[in-house]
Amino acid sequence: MPVQPLVFSDQDLHARNTLGLPAKAAVAVLDDESAIPALCEALAAGRNGPIGPKGQAADAPLFILGGGSNVVVQAQPRHRVLRVALRGIRLWDETADHWIVEAAAGEPWHGFVDHCLSRGWLGLENLALIPGTVGAAPVQNIGAYGLELDQRLHSVVAWDLRACREHELRPDECGFAYRDSLFKRDGAGRWLIARVRFALPKAWTPRLDYPDLRDHPGLWGEGGASGSGKPAHATSAAPSPRQVFDAVCDIRRRKLPDPAVLGNAGSFFKNPVIDAGQAAGLKQRFPDLRTYPQADGRVKLAAGWLIEQVGWKGRRLGPVGMHERQALVLVNHGGARAADVLALARAVRADVQERFGVDLEQEPVVLD
Ligand code: EPU
């Protein structure tokens, strides 16, 4: 069968971004990997019409969109949007110690984690309920509850759209850092991630470094844990993978707003990482400051705490606000546009900068 060329057409993105911002753009849907080489050629030749809603040129830059959970979408972006809808999960290989599981980039992340758990491919439970797609996971190196994606990654199969070549990138080639990667730094139009492979340990042990998780009553039967290990009254010997998964889902549901109910893009800022000297000075002035020493000697601060201290927790500006239970999450109370979101982000950043001298970096990318 000949490969159908991708066609861009005007589409509504309102339901395709978890902040729920209104937008119309020229969108093509990629649901078959075999269309990628022709896409590369067409991009190089500047012929991937039709013209977008603003009368965009056919060579308007490309923006690769996954689940839309880490993006602030302008009403009429100048970019053309390639929405990745590639599906499929399979056991790709195994070694003596690991299952190597491969998932297509368009698979919804949480469904993938759940599927792995049901097949006995363990080790992703701490990353349950994170919105977005498998392909977006390496872009921002998702992390939660004591686990970062790069710790479970085997490789990323991605097309470099500029060179029109497919690569298999190993973790040390992906430029991972806290909430950052080569794919993010190079911009949302360069790398088209097609598949992601995970190395999941055959010998599973729970990762319970994060205190809220370690102490979750669902892991230990009645009463919950205290301290750093199994509590004396625990009814089970050790938590099962499903218990860890359920506990992570429970913690997230309690703290974080469901984007289906209240539009949001998760953490709107990264936790800032500053010099040890600056952190020590701040700690003197603000003894309650939350500080997390990093391996490189620098110190990570809790952005949610900083934002709460300057009074933005639960406070609104127009149709948007910072969430009442987690100040790091910017929410759309209804009817917001990108400009409202960016105005609030500027106000919060300015107040944190004024009080603490710390610059907050926005986490979601802007589709303009
Ligand atoms: N805090 C406050 N006020 C707030 C929020 C947080 O004082 O309104 C304090 C907490 O008391 C705690 C500290 O800040 O001492 C850290 O808070 P939390 O454990 O909730 O985690 P976080 O640093 O705010 C990060 C990730 C989350 C992830 C959690 C759990 C980033 C930018 N965010 O949040 O990721 O779920 O850790 O691992 O690193 C996301 O990216 O969308 C996301 C939710």
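One-based numbering, in listed order, for ligands and for the atoms of each.
- Counted by atom type alone, Trp159 and Glu33 present zero donor-acceptor pairs between their side chains at under 3.5 Å.
- Side-chain atoms of Arg78 do not come within 3.5 Å of backbone N or O of Pro61 as any donor-acceptor pair.
- Looking at Leu256 against ligand 1, only its side chain comes within 4.0 Å, counting heavy atoms.
- Of the inter-residue distances, the one linking Leu256 atom CG with Leu262 atom CG reads 11.5 Å to the nearest 0.5 angstrom.
- Within ligand 1, the atoms closer than 4.0 Å to a non-hydrogen atom of Leu328 are 24 (O), numbered from 1 in the order shown.
- For atom 21 (O) of ligand 1, the closest heavy atom belonging to the protein is Tyr210 OH, 4.0 Å.
- To the nearest 0.5 Å, the span separating CG on Asp246 from NE2 on His216 amounts to 9.0 Å.
- The side-chain heavy atoms of Pro257 and Glu324, taken from C-beta on, include no pair separated by under 4.5 Å.
- At the top of the distance list for atom 30 (C) of ligand 1, counting protein heavy atoms only, stands Tyr145 CE2, 3.6 Å.
- Between the SG atom in Cys116 and the CG atom in Leu91 there is a gap of 9.5 Å [rounded to 0.5 Å].
- The environment of Arg195 atom CZ is dense: over 12 non-hydrogen atoms of other residues, nucleotides or ligands sit within 6.0 angstrom.
- Residue-ligand proximity, Glu308 to ligand 1, at heavy-atom distances under 4.0 Å covers atoms 2 (C), 3 (N), 4 (C), 7 (O), 8 (O).
- Those atoms of ligand 1 with a heavy atom of Gly266 less than 4.0 angstrom away are 42 (O).
- Remark: ligand 1 atoms within the under-4.0 Å shell around heavy atoms of Ala144 are 36 (O), 38 (O).
- When hydrogens are left out, the protein atom nearest atom 12 (C) of ligand 1 is Tyr292 OH, 3.9 Å; that is the closest non-hydrogen contact.
- Within the 4.0 Å heavy-atom cutoff, Arg179 counts among the residues contacting ligand 1.
- In this structure, Asn126 contributes its side chain and Tyr145 its backbone to a donor-acceptor pair below 3.5 Å.
- Annotation: the span from Glu363 atom CD to Leu330 atom CG amounts to 12.5 Å, rounded to 0.5 Å.
- Scanning all protein heavy atoms for the shortest distance to atom 5 (C) of ligand 1 gives Gln326 OE1, 2.9 Å.
- Here the protein heavy atom with the shortest distance to atom 31 (C) of ligand 1 is Tyr178 OH, 3.3 Å.
- Taking only nitrogen or oxygen atoms, main chain and side chain alike, Arg290 reaches within less than 3.5 Å of ligand 1.
- Looking only at side-chain heavy atoms (C-beta outward), His154 and Glu168 come within less than 4.5 Å of each other.
- Residue contact annotation: Gln309 has no non-hydrogen atom under 4.0 Å from ligand 1.
- Listed by number with element, the atoms of ligand 1 under 4.0 angstrom from any heavy atom of Phe269 are 32 (C).
- Residue-ligand proximity, Lys313 to ligand 1, at heavy-atom distances under 4.0 Å covers atoms 3 (N), 4 (C), 8 (O).
- Heavy-atom contacts of Ala302 reach the following atoms of ligand 1: 13 (C), 14 (O) (cutoff under 4.0 Å).
- For atom 42 (O) of ligand 1, the closest heavy atom belonging to the protein is Ser267 N, 2.8 Å.
- Counting only N and O atoms by type, the side chains of Asp160 and Trp191 include no donor and acceptor under 3.5 Å apart.
- The single protein non-hydrogen atom nearest to atom 25 (C) of ligand 1 is Asn271 ND2, 4.1 Å, given as residue, atom name and distance.
- The distance criterion of under 3.5 Å between nitrogen or oxygen atoms is not met by Arg325 with respect to ligand 1.
- Atom 36 (O) of ligand 1 has Arg252 NH1, 3.5 Å as its closest protein atom, hydrogens excluded (heavy atom only).
- A salt bridge does not link Asp258 to Arg253: none of the charged nitrogens lies less than 4.0 Å from a carboxylate oxygen.
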